[in-house]
Amino acid sequence: MWASLLLPLDADDSIDFTRLQDQVDVLIASGLHGPYAHGTAGEFQTLTEDEFDRINELLATACTRADLQFQLGASHPSAQLSLDRVRRSAALGPPRSR
């Protein structure tokens, strides 16, 4: 069972990274196979590249610490940016299937 991260926004439409960390912690504690980021519920198409990287770092750090698999989506309307997202995400080393 996999769960999508939902993007928590503040009143000014900025990402609430504290709530996002809390969400990741709850998902990890729930016993799922892994969480994934940047599906349609994660508003991947609206993220800046800095926001994209910060979300990836947050998720990768928490899941690596918990020895839990995770997935990082890399979709973007621009093929060039999507490929760049793949390269940056791969550097975080999502674990291989067990």
Side-chain angles (χ1 to χ4, degrees):
M1 178 176 55
W2 290 79
S4 177
L5 293 185
L6 303 177
L7 194 62
L9 300 176
D10 286 326
D12 65 356
D13 289 333
S14 63
I15 298 170
D16 184 334
F17 283 96
T18 300
R19 285 181 23 222
L20 184 61
Q21 181 67 62
D22 292 344
Q23 179 186 161
V24 168
D25 293 342
V26 167
L27 290 174
I28 289 173
S30 73
L32 52 84
H33 292 99
Y36 61 92
H38 311 303
T40 55
E43 303 295 335
F44 72 87
Q45 73 280 6
T46 66
L47 299 174
T48 67
E49 295 309 288
D50 288 338
E51 290 169 334
F52 177 84
D53 291 340
R54 188 168 172 195
I55 292 166
N56 287 353
E57 287 286 338
L58 185 150
L59 183 61
T61 299
C63 289
T64 299
R65 189 177 321 121
D67 193 31
L68 186 66
Q69 297 181 70
F70 60 97
Q71 296 178 23
L72 303 171
S75 295
H76 192 280
S78 162
Q80 293 81 3
L81 284 177
S82 186
L83 286 172
D84 194 41
R85 285 180 170 194
V86 168
R87 288 183 195 101
R88 294 193 324 269
S89 297
L92 294 172
R96 302 198 187 278
S97 294
R98 295 184 178 122

Exercise for the section: Return each pair, listed once, that meets side-chain hydrogen bond (donor to acceptor under 3.5 Å, both in side chains) where at least one residue sits in residues 22-31; pairs must be two or more places apart or across chains. Expected result: Gln21-Asp25
Exercise for the section: Mind checking side-chain hydrogen bond (donor to acceptor under 3.5 Å, both in side chains) for Asp50 and listing every partner two or more places apart, or none if nothing turns up? Expected result: none
Exercise for the section: Would you please test Phe70 and Thr64 for side chain to side chain contact (heavy atoms under 4.5 Å, CB included) and show each step? Expected result: CA-CA 9 Å; Phe70 60 97; Thr64 299; 4.1 Å; yes
Problem - Donor-acceptor contact below 3.5 Å, side chain Arg85 vs main chain Gly73 - result: no
For residues 53-62, which side-chain donor-acceptor pairs fall under 3.5 Å, sequence neighbours excluded?
| unit_1 | atom_1 | unit_2 | atom_2 | d |
| --- | --- | --- | --- | --- |
| Asp53 | OD1 | Arg88 | NE | 2.8 |
| Asp53 | OD1 | Arg88 | NH2 | 3.0 |
| Asp53 | OD2 | Arg88 | NE | 3.1 |
| Asn56 | OD1 | His38 | NE2 | 2.6 |
| Asn56 | ND2 | Ser89 | OG | 3.3 |
| Thr61 | OG1 | Glu57 | O | 2.8 |

Handout entry: Shortest non-hydrogen contact from Ala74 toward Ser82
Key = O-OG, 2.8 Å
Fill in the blank from the handout: Separation between CG (Asp84) and CD (Glu49), nearest 0.5 Å, reads 7.0 Å
Just list the side-chain donor-acceptor pairs under 3.5 Å for residues 4-15, sequence neighbours left out, or say none.
| unit_1 | atom_1 | unit_2 | atom_2 | d |
| --- | --- | --- | --- | --- |
| Asp12 | OD1 | Ser14 | N | 3.0 |
| Asp12 | OD1 | Ser14 | OG | 2.6 |

Handout entry: Remaining members of the apolar cluster that contains Tyr36, side-chain heavy atoms under 4.5 Å
Key = Trp2
Exercise for the section: Determine, using the 4.5 Å side-chain heavy-atom cutoff (strictly less than), whether Val26 and Met1 are members of one ILVMFWY cluster. Expected result: no
